[in-house]
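These notes concern the structure reproduced below.
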Protein chains: 2
Amino acid sequence: MRASSVEQIIIETLSKEHAHLTSQQVFEIIRKRLPAVNQSTVYRALTRLVDSGKVSVSDMGTKAVVYELLTDGLHHHLVCQKCRQIMTIGHEEVEDFFGDLQLKNHFQIVTNHLILFGICENCQVGTNTNTEEM
Amino acid sequence: MRASSVEQIIIETLSKEHAHLTSQQVFEIIRKRLPAVNQSTVYRALTRLVDSGKVSVSDMGTKAVVYELLTDGLHHHLVCQKCRQIMTIGHEEVEDFFGDLQLKNHFQIVTNHLILFGICENCQVGTNTNTEEM
DNA sequence: ATTGCATTTGCAACTATTTGCATTATAATG
DNA sequence: CATTATAATGCAAATAGTTGCAAATGCAAT
């Protein structure tokens, strides 16, 4: 794979923002530095970065998927379907499960960013105000 | 939730087909019985069915997500990124992991259909012919 | 049957994502 | 340095999926 300028800028961008960004947000930020860049170029660069394991892509239940840099250790997320809160959990909470599955099914897991939907502690009691359903 | 005719037909369709269908496939099949039905109606009915837990929606790594009826027991899938083979695993292989996470994070998991990507046994050795990359 | 209300539907517009193809840029090789 | 191969990009068109709004429908209580 060639060193693509767009890929580099995406990595720098995701590294700086340190958050989950949609392809649109990535596109907007990149345009400030490369005004002529095409949106499909951004999509394709993001796809390459995901394929090479540098970036994760997740459907958080919003209408657009989000991208995140995977440099500082693997992690996963729990997403509350009521209040939309996103909790981050470390890979150590997932490691053993993955290991078991790999052994039992002779399958080498590549997935590196798990998104699990559910109801957070706060929303499990009936008293929360933020009841925006999914 | 009211008994929607489209929802009923979707359930019958998914029940008969017993497979992962894209929204387009569901749409085509439903059109045979309700020729005037609109595609957005199908999307919305599918969304309602997913929200109510009757149907699962999964991104299998193809360009369109797929839907599956969840009547006969929970299950999950391992998808090979090389040969695209889909393996099905029972919920019992996932149960303990989910239970642990729920306890540790005080989070009630709703996700009922896990998709994990990786490399199947066959494709782990270098000798397979079907090397269509993701 | 009629009314009132909430849900579902159709439609059209809009956002999100993918893809084919021609062109350009970079790297590799002679 | 010139040539060739490969990967990246732009553009436009196509496919996926979402949403606002108004109209239609189903359900429940008269």
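Naming: A, B, ... by sequence-line order, numbering from 1 per chain.
Residues A:Val65 and A:Ile11 share a hydrophobic cluster, clusters being chains of Ile/Leu/Val/Met/Phe/Trp/Tyr side chains in contact below 4.5 Å.
For A:Asp59 and D:dA16, the CG to P distance is 17 Å, given to the nearest whole Å. One can place CZ of A:Arg33 at 14 Å from P of D:dT9, the figure rounded to the nearest angstrom. The distance between atom CD of A:Glu7 and atom C1' of D:dA8, rounded to the nearest whole Å, is 9 Å. Put simply, CG on B:Leu49 is 16 Å from P on C:dT7, counting in whole angstrom units. Computed from coordinates, the B:Leu46 CG to D:dT18 C1' distance equals 13 Å when rounded to whole Å. Atom CD1 in B:Ile10 sits roughly 8 Å away from atom P in C:dT9 (whole-Å rounding). The CD atom of B:Gln39 sits 15 Å away from the P atom of D:dT19 (whole-angstrom rounding). Rounded to an integer number of Å, the gap from CZ of A:Arg48 to P of C:dT17 is 17 Å.
Taking 4.0 angstrom as the limit, A:Ser5 places a side-chain polar atom (N or O) nearer than this to OP1 or OP2 of D:dT9. For A:Thr41, a side-chain nitrogen or oxygen approaches OP1 or OP2 of D:dG10 to under 4.0 Å.
Taken to the nearest 0.5 Å, the CD1 atom of B:Ile9 stands 11.5 Å off from the CD1 atom of B:Ile29. For the atom pair B:Asp51 CG and B:Leu46 CG, the distance stands at 11.0 Å (nearest 0.5 Å). Between the CG atom of B:Leu78 and the OG1 atom of A:Thr111 there is a distance of 9.0 Å, given to the nearest 0.5 Å. In this structure, CG in B:Leu70 is found 11.0 Å from NZ in B:Lys54, a value given to the nearest 0.5 Å.
With hydrogens and angles ignored, a donor-acceptor pair under 3.5 angstrom links the side chain of A:Arg44 to the base of D:dG10.
For the pair B:Asn38 and B:Lys63, nearest-nucleotide mapping onto DNA chain C gives the more 5' position to B:Asn38.
Within a 6.0 Å radius of NE2 in A:His91, more than 12 heavy atoms belonging to other residues, nucleotides or ligands are found.
Sorted by first and then second residue, the pairs that involve residues 56-67 of chain A and meet side chain to side chain donor-acceptor pair (under 3.5 Å), not counting sequence neighbours, are A:Ser56-A:His113, A:Ser58-A:His113. The stretch residues 28-44 of chain B participates, sequence neighbours left out, in these side chain to side chain donor-acceptor pair (under 3.5 Å) pairs: B:Glu12-B:Arg33, B:Ser23-B:Tyr43, B:Gln24-B:Gln39, B:Gln24-B:Tyr43, B:Glu28-B:Arg31, B:Asn38-B:Ser40, B:Ser40-B:Arg44. Counting only residues at least two apart or in different chains, salt bridge (charged side-chain N to carboxylate O under 4.0 Å, His left out) contacts with residues 109-118 of chain A are absent.
Helix-axis bend for the helix from C:dA1-D:dT30 to C:dG30-D:dC1: the local axis fitted to the five terminal pairs at one end deviates from that at the other end by 30°, rounded to 10°.
The listed nucleotides are C:dA12, D:dG17, C:dT18; the one nearest the side chain of A:Ser40 is C:dT18. Checked against C:dT17, D:dA16, D:dT9, the side chain of A:Ala64 finds its nearest nucleotide in C:dT17. Among the nucleotides D:dA16, C:dT18, C:dT9, the one closest to any side-chain atom of B:Tyr43 is D:dA16.
The stretch residues 16-31 of chain B touches DNA chain D through B:Ser23, B:Gln24, each having a heavy atom under 4.0 angstrom from the strand.
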Just distance, no hydrogens or angles: give the donor-acceptor pairs under 3.5 Å from side chains in residues 97-106 of chain A, sequence neighbours left out.
{"unit_1": "A:Gln102", "atom_1": "OE1", "unit_2": "A:Ile109", "atom_2": "N", "d": "2.6"}
{"unit_1": "A:Asn105", "atom_1": "ND2", "unit_2": "A:Leu101", "atom_2": "O", "d": "3.0"}
{"unit_1": "A:Asn105", "atom_1": "ND2", "unit_2": "B:Glu93", "atom_2": "OE1", "d": "3.1"}

